There are 2 protein chains.
Amino acid sequence: MTPDIAPIPHLDLPHPEPGDLKLTQVLFAFSDPERLAIVRQLASGPLDMAQCHLSDASTPKSTKSHLMKVLREAGIIRNEASGRGRRLTLRRQDLDARFPGLLACVLADTPDGAP
Amino acid sequence: MTPDIAPIPHLDLPHPEPGDLKLTQVLFAFSDPERLAIVRQLASGPLDMAQCHLSDASTPKSTKSHLMKVLREAGIIRNEASGRGRRLTLRRQDLDARFPGLLACVLADTPDGAP
DNA sequence: AGAAAAGTTCGAAAAATCTCGAACTGTCGG
DNA sequence: CCGACAGTTCGAGATTTTTCGAACTTTTCT
């Protein structure tokens, strides 16, 4: 017999509404070097997850997925299905609208201790 | 007999140099609502620690001290002995010099979800 | 001097995060 | 259809933060 409940595809993950972003949550998400590096990569434009590299290439997928989850739940990135993979997009407008200047000055800082 | 080692006064705590502030560490320190509230109070000017209130007035001193420690070690506030207490100062210039605009947009956000 | 006020530090317990493997769901190529 | 890809989710263990009391130091008041 046909199952009475849908398989619940686990694609299209939840994203917070633009107005619901919380400053402390966003700051926390930015406060990790690995996540900040991801944000910097996305600053140049959307990227397929597979093209988005971590500092350590041998990091398990589940860990990478978790980093993305923190960024997504904070409202910093959008994560949507795209073909067999996922497309990551920086939510620049939503961030700028809610916290003007924040993204700019976070991106402005030099990744390491450069001159 | 006189002790041969000095008592090592535990006043004048260590503060990072202006140039040594780390973005991720600063963001992390800002990412807690209680610490952010402290920063907002200090935005109006230096305050004696005793006049700097937490959301819950019954919080133990040691907890309050720890919150200040995180802010101090990130380079966000200065904590110096003053009389029998401690004077807290927002390191506005050092922050602005190292991360232009960051403090401004963090302070600009409304504490709660205000209109 | 003695006691109270104001904080810091230390250590331990509690809570939140992170990491990673295993299992699972979809998509694409043969 | 079947197997390789690409990622998410779950749970357990490891690591990091937070919380709080107790002990201690310095300053001020009487």
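Quick caveat, the model's predicted, so the values are computed rather than measured. Residue numbers start from 1 in every chain, and the chains themselves are labelled A, B, ... in the order their sequence lines are given, proteins ahead of strands.
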Minimum heavy-atom distance between A/Ala74 and A/Ala29, given as atom pair plus value: CB-CB, 3.8 Å
Distance, rounded to the nearest Å, where A/Arg86 contributes CZ and D/dT9 contributes C1': 12 Å
B/Glu80 side-chain N/O to B/Leu11 backbone N/O, donor-acceptor pair under 3.5 Å: no
Value in whole Å for how far the P atom of C/dG7 lies from CZ of B/Arg84: 9 Å
Sugar-phosphate only, base, or nothing, as touched by A/Asp56 at under 4.0 Å among non-hydrogen atoms: nothing
A/Phe28 side chain, from C-beta outward: closest of C/dC18, D/dC20, D/dT8: C/dC18
Phosphate OP1/OP2 of D/dG7: any A/Ser65 side-chain N/O under 4.0 Å: no
Nearest-angstrom distance from the residue atom CZ of B/Arg87 to P of C/dT8: 14 Å
Interatomic distance, A/His15 NE2 vs D/dT8 C1' [rounded to whole Å]: 13 Å
Closest-nucleotide ordering on DNA chain D, the 5'-leading residue of A/His66 and A/Gly85: A/Gly85
Residue whose nearest DNA chain C nucleotide is more 5′ - A/Ser82 or A/Thr63: A/Thr63
Touch class at under 4.0 angstrom, heavy-atom based, for B/Met49 against every strand present: sugar-phosphate
d(CD, B/Gln51; P, C/dA5) in whole Å: 15 Å
Contact under 4.0 Å: A/Arg35 side-chain N or O vs C/dC18 OP1/OP2: yes
C/dG7 phosphate, OP1 or OP2, under 4.0 Å from B/Asn79 side-chain N/O: no
SB check A/Arg98 B/Asp109 (cutoff 4.0 Å): yes
Between C1' of D/dT18 and CG of B/Leu71, the distance in whole Å: 14 Å
B/Lys22, NZ atom: more than 12 neighbouring heavy atoms under 6.0 Å: no
Rounded distance in Å - CG (B/Asp48) to P (C/dG7): 7 Å
Residue B/Ser62, side-chain atoms from C-beta onward, closest of C/dA6, C/dT9, D/dT19: C/dT9
Spacing of B/Leu88 atom CG relative to C/dT8 atom P, expressed in whole Å: 8 Å
Pair A/Asn79, A/Arg86: side-chain N/O donor-acceptor within cut-off below 3.5 Å: yes
